[in-house]
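Following: one structure in C-alpha cells, then a few remarks.
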There are 2 protein chains.
Amino acid sequence: MTVYGGSGDPKRSLELLWGVQEEKPKRGPKPRFTVDDIVRVAIAIADAEGLDALSMRRVAGDLGITAMSLYGYVPSKAELIDVLVDRVVGEIEMVEVAGDWRAKLEHVARENWRLNVRHPWLLQVSSSRPVLGPNMIAKYDYELRAVNGIGLTSIEMDLVIGFVTDYAHGAARNAVEAAQVEQRTGATDDQWWEEYSPLLEKVFDAEKYPVAAVVGAEAGAEYGAAVDPSRAFEFGLVRLLDGVAVLVGSKG
Amino acid sequence: MTVYGGSGDPKRSLELLWGVQEEKPKRGPKPRFTVDDIVRVAIAIADAEGLDALSMRRVAGDLGITAMSLYGYVPSKAELIDVLVDRVVGEIEMVEVAGDWRAKLEHVARENWRLNVRHPWLLQVSSSRPVLGPNMIAKYDYELRAVNGIGLTSIEMDLVIGFVTDYAHGAARNAVEAAQVEQRTGATDDQWWEEYSPLLEKVFDAEKYPVAAVVGAEAGAEYGAAVDPSRAFEFGLVRLLDGVAVLVGSKG
DNA sequence: TGAAAACTCCCTACACCGTAGAGTATTGTT
DNA sequence: AACAATACTCTACGGTGTAGGGAGTTTTCA
C-alpha cells in the first residue's frame with residue numbers, strides 16, 4: 001500500500017540522483033532511452049493515474065519496451081521512485097520572499113501544499129531516511145533560511161521546518177483525498193450524502209451526542225460538504241504561524 | 001497502495017457497523033464464525049504485519065477456511081476495513097480530563113497519536129467520507145467537547161478538532177515510519193548513516209548550502225539520528241496549542 | 001576480416017492479489 | 001424422502017515485481 005523510498009541500494013540511488021556515471025559502456029548496442037526518459041514517463045503516469053498505476057510493465061509499455069528492459073536502467077522500482085521524488089521536489093519555488101520570517105514560512109507551507117496537491121502520489125511515498133538528492137537538499141536549505149537569524153537554535157529551526165512541512169503534507173493529503181473520492185466513487189458529495197444521511201439518521205442518537213449533532217450539522221451546511229480541506233488548510237496555517245510566533249517572541 | 005475505506009455499499013457497511021441484522025436464516029448449515037471473529041483476526045494480522053499482509057486469503061487461512069468463504073460474511077474487503085477502523089477507534093480513551101480546554105485538547109492529540117502508533121495501518125486508510133460507525137461518532141463528539149463553551153463558533157470548533165487530529169496523525173505517521181524503517185531495511189539508523197554519509201559527502205556542497213550543513217549536522221548530533229519523531233511531536237504540540245490559544249484569547 | 005565479448009532487450013515463470021462464477025456439502029422445512 | 005436455502009470450496013482471470021536464461025546487436029581485438 002504505502003510505497004517506500006530509499007529501499008534500494010543507497011549507492012546506486014545516489015548515483016542516479018546526482019548523475020554520477022560509472023564509465024559508460026563501450027561495446028554492445030546503444031540504449032534506446034535514458035534514465036531521464038523513464039523518469040519523465042513514470043511521473044506522467046503517476047500524476048495522471050496515481051501510484052497504483054505506476055507499474056514496471058506500464059512504464060515499459062508506454063516506452064514501447066518490456067518490463068524487464070527497465071532493469072538495465074534502474075536497479076529496481078524503489079530506486080526509480082527515489083528519483084521521481086527528487087525530481088518533482090525540484091519544482092518547489094525557491095524565491096527570496098520579501099518580509100519577515102512569517103511571510104517566508106507561509107510561503108514554505110504553501111509551496112509544500114502545492115507540490116503535494118500537484119503530485120498526490122508523493123503522499124504515498126515514505127519519507128523516513130529519504131534519499132538526499134540535489135533537490136531535496138536545496139529544499140531543506142531554502143526552508144531553513146526562512147527561520148534563520150531570528151534567535152532560534154539549530155534544533156528549533158529544524159523542528160519548526162518539520163512542523164510546517166508536515167502540516168502542509170497532512171493538509172494536502174486531506175485535500176487530495178477529498179478531490180479523488182468523487183472520481184473514485186462516481187458520486188458527488190451531495191449525491192453521497194443524499195444516499196447516506198437517511199441511513200445514518202436511523203442509527204445516530206442526537207440526544208446521546210448533542211455536540212456532534214449541532215456542530216456536524218452547522219459545519220456541513222457551511223461547507224456544503226462533510227469537509228472543506230482548502231479552508232481547513234488556511235485556518236490551520238494561521239494557528240500554526242501564531243504558535244511559532246509565540247516561540248519566536250519568547251526569544252526576543 | 002493507499003487503501004480506501006467507505007468504498008463499498010454504504011448501506012451494508014452501516015449494517016455491519018451498527019449491528020443491524022436482517023432476520024437470520026433458518027435453513028442451511030450454521031456459519032462457523034461471526035463477523036466479529038473475522039474482524040478480530042484481521043486486526044491481529046494488520047497490527048502485527050501491516051495492511052499489506054491483510055489479504056482475504058490470509059484472513060481466511062488464519063480462520064481455517066478459504067478466501068471466498070469470507071464473502072458470505074462481508075461484501076468485500078473494503079467493508080471489512082471499514083469495520084476494522086471503527087473497531088479500533090473505540091480504543092480511544094474518552095475520559096473527562098480535568099482542567100481547561102488546553103489540557104483536554106492535549107489529551108485528544110495524545111490519544112490520536114497513541115491510536116495511530118498502536119495501529120499503524122490506520123494511517124493507510126483514507127478518511128474522506130468515512131463510514132460513520134458508532135465509535136467514530138462517539139470520538140467526534142468527545143473531541144468537540146474539549147473546545148465546547150469557550151467562545152468558539154461551531155465551525156471553529158470543527159476546524160480546531162480537525163487541526164489537532166490531523167497533526168497527531170501526521171506526527172504518528174512519521175513515528176511509525178521511523179520505527180518501521182529499521183525493521184524493513186535490517187539496518188539501524190547508525191548503520192545506515194555509516195554507509196550513507198561518505199557517499200553523501202562526495203556530492204554535498206557545504207558551501208552552497210551552509211544553513212543546511214550546520215543545522216543538519218547539529219540536529220543529527222542532537223537526535224542521534226536523522227529525525228526524532230517523538231520529540232518532534234512534543235515540540236509541535238506546544239506550538240499548536242499556543243496557536244489555538246491565540247484564537248481562544250481573541251474571543252475573550 | 002572473422003571471432004569473441006559486452007551489452008540491450010525479450011520470454012517465461014513464480015508466488016502473490018481481489019473476486020466472479022459455478023459446483024458441492026450441510027442443514028432445516030415440508 | 002424430497003426440496004430449498006445456506007456455507008463453503010474450487011477454478012479462473014488479469015494484475016503485481018522481478019529472478020533466470022536466451023536472443024539479438026554492436027564494438028573491440030587478434
Side-chain angles (χ1 to χ4, degrees), chain A residues 1-5 7-9 12 21-35 37-38 41-42 45-46 49-84 121 124-125 184, chain B residues 1-5 7-9 12 21-35 37-38 41-42 45-46 49-84 121 124-125 184:
Chain A
M1 321 267 166
T2 298
V3 157
Y4 302 107
S7 308
D9 182 4
R12 191 83 179 84
Q21 55 215 4
E22 57 253 42
E23 75 283 354
K24 66 176 177 184
K26 299 293 179 191
R27 301 205 255 214
K30 298 290 176 209
R32 274 200 247 168
F33 309 104
T34 63
V35 173
D37 294 328
I38 294 170
V41 165
I45 294 170
E49 300 172 52
L51 205 52
D52 291 339
L54 185 77
S55 71
M56 298 301 266
R57 282 175 176 81
R58 175 65 199 280
V59 173
D62 282 14
L63 285 165
I65 56 179
T66 63
M68 288 312 292
S69 303
L70 293 179
Y71 289 82
Y73 297 92
V74 159
S76 85
K77 193 184 182 184
E79 283 85 357
L80 174 58
I81 289 178
D82 286 345
V83 179
L84 301 192
W121 49 271
Q124 288 170 255
V125 180
R184 204 176 70 238
Chain B
M1 322 261 172
T2 298
V3 158
Y4 301 107
S7 308
D9 183 5
R12 191 82 178 84
Q21 55 214 5
E22 56 255 44
E23 74 284 353
K24 68 176 176 184
K26 299 288 180 197
R27 302 205 256 215
K30 297 290 178 208
R32 276 200 245 166
F33 309 103
T34 63
V35 173
D37 294 328
I38 293 169
V41 165
I45 294 170
E49 301 172 51
L51 206 51
D52 291 339
L54 185 76
S55 70
M56 298 301 266
R57 282 174 175 83
R58 176 65 197 281
V59 172
D62 283 13
L63 285 164
I65 56 180
T66 63
M68 287 312 292
S69 305
L70 294 179
Y71 288 82
Y73 297 93
V74 159
S76 84
K77 192 184 182 183
E79 283 85 357
L80 175 57
I81 289 178
D82 285 345
V83 179
L84 301 192
W121 48 271
Q124 289 170 254
V125 181
R184 205 176 69 236

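Proteins get letters first, then strands, A, B, ... in listed order; numbering begins at 1 in each.
Rounded to whole angstrom, the span from the CG atom of A:D37 across to the P atom of C:dT8 amounts to 15 Å. Taking atom NZ on B:K30 and atom C1' on C:dA25, their separation rounds to 16 Å, with Å as the unit. Straight-line distance from the CG atom of B:L70 to the P atom of D:dA7: 13 Å, rounded to whole Å. Distance CG (A:L51) to P (D:dT16): 13 Å, rounded to an integer number of Å. Here D:dC8 presents its C1' atom at 9 Å from OH of B:Y73, a figure rounded to the nearest Å. As rounded to whole Å, 11 Å separates atom C1' of C:dA25 from atom CZ of B:R32. For the pair B:I65 CD1 and C:dT26 P, the computed distance is 16 Å after rounding to whole Å.
Annotation: the terminal axes of the helix from C:dT1-D:dA30 to C:dT30-D:dA1 meet at 30°, where each axis is the rotation carrying the C1' atoms of four end pairs onto the next four (5 pairs per end, rounded to 10°).
Of all heavy-atom pairs between A:K77 and A:S55, the closest is NZ-CA, 4.4 Å.
A:F33 comes within 4.0 angstrom of no nucleic acid atom, judged by non-hydrogen atoms across all strands.
The closest donor-acceptor contact from the side chain of A:Y73 to the backbone of A:F33 lies under 3.5 Å.
For residues 63-76 of chain A, there are no salt bridge (charged side-chain N to carboxylate O under 4.0 Å, His left out) pairs, not counting sequence neighbours. Within the structure, salt bridge (charged side-chain N to carboxylate O under 4.0 Å, His left out) contacts touching residues 61-73 of chain B (residues at least two apart or in different chains) are B:R58-B:D62.
Taking 4.0 angstrom as the limit, B:S69 places none of its side-chain polar atoms (N or O) nearer than this to OP1 or OP2 of D:dA7.
By the 4.5 Å heavy-atom criterion applied to side chains, B:V41 and B:D37 are not counted as neighbours. B:V83 places none of its side-chain heavy atoms less than 4.5 Å from the side chain of B:E79.
Which of C:dC10, D:dA5, C:dT8 sits closest to the side chain of B:P29 comes down to D:dA5.
Here A:T66 pairs with A:S69 under the side chain to side chain donor-acceptor pair (under 3.5 Å) rule; sequence neighbours left out.
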Does A:R32 form a side chain to side chain contact (heavy atoms under 4.5 Å, CB included) with A:L63? I'd like the steps, not just the answer.
CA-CA 10 Å; A:R32 274 200 247 168; A:L63 285 165; over 6 Å; no
Going through the checks in order, is the side chain to side chain contact (heavy atoms under 4.5 Å, CB included) test met by B:L54 and B:L84?
CA-CA 11 Å; B:L54 185 76; B:L84 301 192; 3.8 Å; yes
Using a cut-off of 4.0 Å between protein heavy atoms and nucleotide atoms, how would you tag nucleotides 13-23 of chain C 5' to 3' with B, S and -?
B---BBBBB--
